[in-house]
Amino acid sequence: MSYYAGEYDVAVIGGGHAGCEAALATARMGFKTLLFSISLEAIANMPCNPNIGGTSKGHLVREIDALGGEMGKNIDKTFIQSRMLNTSKGPAVYSLRAQADRKKYHIEMKHTLEKQENLDIKQAEIVNIEVEDGKVKSVETNIGAIYNVKTVILATGTYLKGKIYIGEVSYESGPDGVFPANRLSESLKKLGVELRRFKTGTPARVNKRSIDFSKMEVQNGDDDIEMFSFENDTKQIEQVPCYLTYTNEKTHEIIRKNLHRSPLYAGKIEGTGPRYCPSIEDKVVRFSDKERHQIFIEPMGLNTEEMYVQGMSSSLPEEVQIEMYRTIPGLEHVEFTRPAYAIEYDCIEPSELKLSLELKKISGMFFAGQINRNFWI
């Protein structure tokens, strides 16, 4: 049973980095804005990698800040380590990177949204977008609330028909066990929007108590901390170290022996993967001449013992993941808190969009963030 729930200038679907910036931008421009998230606990969650910046992305965050965005300001409030990368090279490739306290980043961004004038946030799944005479007319939630809107911005990230793969096991899910958005894709297809399948992945999270850091290289933050936001003065905090270790031939042999159990290589995953963050299986296959690959052990926050194993994303079965992780120096007795997984999801066909990221065939329908990921392949 549907009912009329109100009227807004802009509806933003999704509360990740892109959704938060889009909602804040339109609200600050004076447009009455409503942001929808399947879970309010997933706003600015950073399920993939709990950091901001790095090569290319660090420059992008600075550009967002110059345009009045919030990401740089938020990481300046919540970072636990800050480093300028590539300082051995020329200044044109310097890249600021900050390790985030994942929970604090989420809490700060959610509170920023809650305080913003002209902006409301609601926990709901959008299942239908209504179009009339080639223009966006309304959006409908899974419980039948219909909101009349002039513009909709889709920033669905990896939630759109999200499907998790861990070895031979697969199931419908968004990242971190949050419900996927399963019904919106059909609504878009009925409107003539062409979608593609894409895939990305994340490594395992492990218990800090099970790591032998004495076998790893310490990666400390910079003594002179540089802030992301141009509006913030520098500050000094007690930074948390990260650690560097490496794969070896034993790791690679386990991976090669089990490639047939990887959904990507077994043909179970239809989606294309990004070239800039390949899985460890991809690295071993594509760069077979490399004797080792860098693995960074990074904290998830100050109030958790979970550590993120950057460089080891995988879709292999959990028992294979454990076996290969334990070949790495310092991880011989590692205990998983969450296994690595691949996630497949729907995204936009890039030729469907104008340079403004508005859909060519429907006025007032825009796409932002990871749903546009095909642009980067």
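With respect to Glu319 and Arg261, a salt bridge is recorded, a charged nitrogen being found less than 4.0 Å from a carboxylate O. A salt bridge between Arg205 and Glu306 is absent, with no side-chain N of the basic residue lying under 4.0 Å from a carboxylate O of the acidic one. A salt bridge is defined here as a Lys NZ or Arg NE, NH1 or NH2 lying under 4.0 Å from an Asp or Glu carboxylate O, and Glu132 with Lys137 meets this definition.
Within a 6.0 Å sphere centred on OH of Tyr94, heavy atoms belonging to other residues, nucleotides or ligands number more than 12. Shown here is Glu249, whose CD atom has more than 12 heavy atoms of other residues, nucleotides or ligands within 6.0 Å. For CD of Gln236, the number of neighbouring non-hydrogen atoms (other residues, nucleotides, ligands) closer than 6.0 Å is greater than 12. Remark: Lys235 NZ is packed, more than 12 non-hydrogen atoms of other residues, nucleotides or ligands lying under 6.0 Å away. For Asp133, the CG atom counts as loosely surrounded, since its 6.0 Å shell holds 12 or fewer non-hydrogen atoms of other residues, nucleotides or ligands. Crowding of Lys103 atom NZ: a count of heavy atoms from other residues, nucleotides or ligands under 6.0 Å not exceeding 12.
Counting only distance, with no hydrogens or angles, the side chain of Glu21 and the backbone of Met71 share a donor-acceptor pair below 3.5 Å. In this structure a side-chain-to-backbone donor-acceptor pair under 3.5 Å is missing from Asn207 to Thr337. No donor-acceptor pair under 3.5 Å is formed between the side chain of Ser314 and the backbone N or O of Ile280. Of the possible polar contacts, one joining the Ser95 side chain to the Val93 backbone as a donor-acceptor pair under 3.5 Å is found. Distance alone, capped at 3.5 Å, places no donor-acceptor pair between the Lys104 side chain and the Ile75 backbone. In terms of modelled atom types and a separation under 3.5 Å, the side chain of Ser313 and the main chain of Pro203 share no donor-acceptor contact. Here the side chain of Asp222 pairs a donor or acceptor atom with the backbone of Met84 at under 3.5 angstrom. Side-chain N or O atoms of Asn248 include one that pairs as donor or acceptor with a backbone N or O of Thr327 at under 3.5 Å. Side chain of Glu70 to backbone of Cys20: no donor-acceptor contact under 3.5 angstrom is found. With Lys135 contributing its side chain and Val131 its backbone, the two residues share no donor-acceptor pair below 3.5 Å.
Here side-chain hydrogen bond (donor to acceptor under 3.5 Å, both in side chains) pairs that include residues 141-154, with residues two or more places apart or in two chains, are Asp9-Lys150. The ring-ring contact (aromatic ring centres under 6.0 Å, His included) analysis of residues 232-264, with sequence neighbours excluded, yields the pairs Phe213-Tyr243, His252-His293.
A side-chain N or O of Gln310 and one of Glu298 form a donor-acceptor pair less than 3.5 Å apart. Side-chain contact check for Glu231 and Ser229: no donor-acceptor pair (N or O, by modelled atom type) lies under 3.5 Å. For the residue pair Thr245 and Glu217, no side-chain donor N or O sits within less than 3.5 Å of a side-chain acceptor on the partner. For Asn128 and Ser187, the side-chain atoms include at least one donor-acceptor pair closer than 3.5 Å. Between the side chains of Arg83 and Gln99, no donor N or O sits under 3.5 Å from an acceptor N or O. Residues Gln294 and Arg292 bring no donor and acceptor atom of their side chains to less than 3.5 Å of each other. Residues Gln370 and Thr158 bring no donor and acceptor atom of their side chains to less than 3.5 Å of each other.
Counting only heavy atoms from C-beta outward, the side chains of Lys163 and Ser173 never approach each other to under 4.5 Å. Side chains of Val193 and Leu195 form a contact here, defined as non-hydrogen atoms less than 4.5 Å apart. Contact annotation: the side chain of Ile237 approaches that of Gln239 to within less than 4.5 Å [non-hydrogen atoms, C-beta and beyond]. By the 4.5 Å heavy-atom criterion applied to side chains, Val334 and Lys208 are not counted as neighbours. The shortest side-chain heavy-atom distance between Arg62 and Ile64 does not fall under the 4.5 Å cut-off. With contacts defined as side-chain heavy-atom distances shorter than 4.5 Å, the pair Glu114/Met109 does not qualify. By the 4.5 Å heavy-atom criterion applied to side chains, Leu60 and Glu63 are counted as neighbours. In this structure, the side chains of Val10 and Val149 stay at 4.5 Å or more apart for every pair of heavy atoms.
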Enumerate, atom names and distances included, each donor-acceptor pair closer than 3.5 Å involving a side-chain atom of residues 117-127, sequence neighbours excluded.
residue : atom : partner : partner atom : Å
Asn118  : ND2  : Ala27   : O            : 3.2
Asp120  : OD2  : Tyr8    : OH           : 2.6
Gln123  : OE1  : Leu40   : N            : 2.9
Glu125  : OE2  : Asn182  : N            : 3.4

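A distance of 9.0 Å separates CZ of Arg197 from SG of Cys347, quoted to the nearest 0.5 Å. Atoms CG and CG, on Asn303 and Asp101 in that order, are 6.5 Å from each other to the nearest 0.5 Å.
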Worksheet item: Between Glu358 and Ser363, is a side chain to side chain contact (heavy atoms under 4.5 Å, CB included) present by the stated rule, with each step listed?
Response: CA-CA 7 Å; Glu358 184 181 24; Ser363 177; 3.8 Å; yes
Worksheet entry | Residues Asp65, Phe228; criterion side chain to side chain contact (heavy atoms under 4.5 Å, CB included); working and verdict | CA-CA 8 Å; Asp65 185 71; Phe228 262 108; over 6 Å; no
Worksheet item: Going through the distances and angles, do Tyr159 and Tyr345 end up as a side chain to side chain contact (heavy atoms under 4.5 Å, CB included)?
Response: CA-CA 7 Å; Tyr159 287 85; Tyr345 59 97; over 6 Å; no
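Exactly one residue among Val284, Leu331, Thr247, Ile255 makes a side-chain contact (heavy atoms from CB on, under 4.5 Å) with Met324. That residue is Ile255.
The hydrophobic cluster containing Tyr171, built from Ile/Leu/Val/Met/Phe/Trp/Tyr side-chain heavy atoms closer than 4.5 Å, also comprises Ile164, Ile166, Val169, Tyr341, Ile343. Other members of the hydrophobic cluster containing Leu302, listed by chain and number, are Ile80, Val240; membership follows side-chain contacts under 4.5 Å among ILVMFWY residues, whether direct or relayed.
Listed by chain and residue number, Glu332 satisfy the salt bridge (charged side-chain N to carboxylate O under 4.0 Å, His left out) test with Lys215 (two or more places apart in sequence, or in another chain).
Hydrophobic cluster membership differs between Phe296 and Phe79, with clusters built from Ile, Leu, Val, Met, Phe, Trp and Tyr side chains linked at under 4.5 angstrom.
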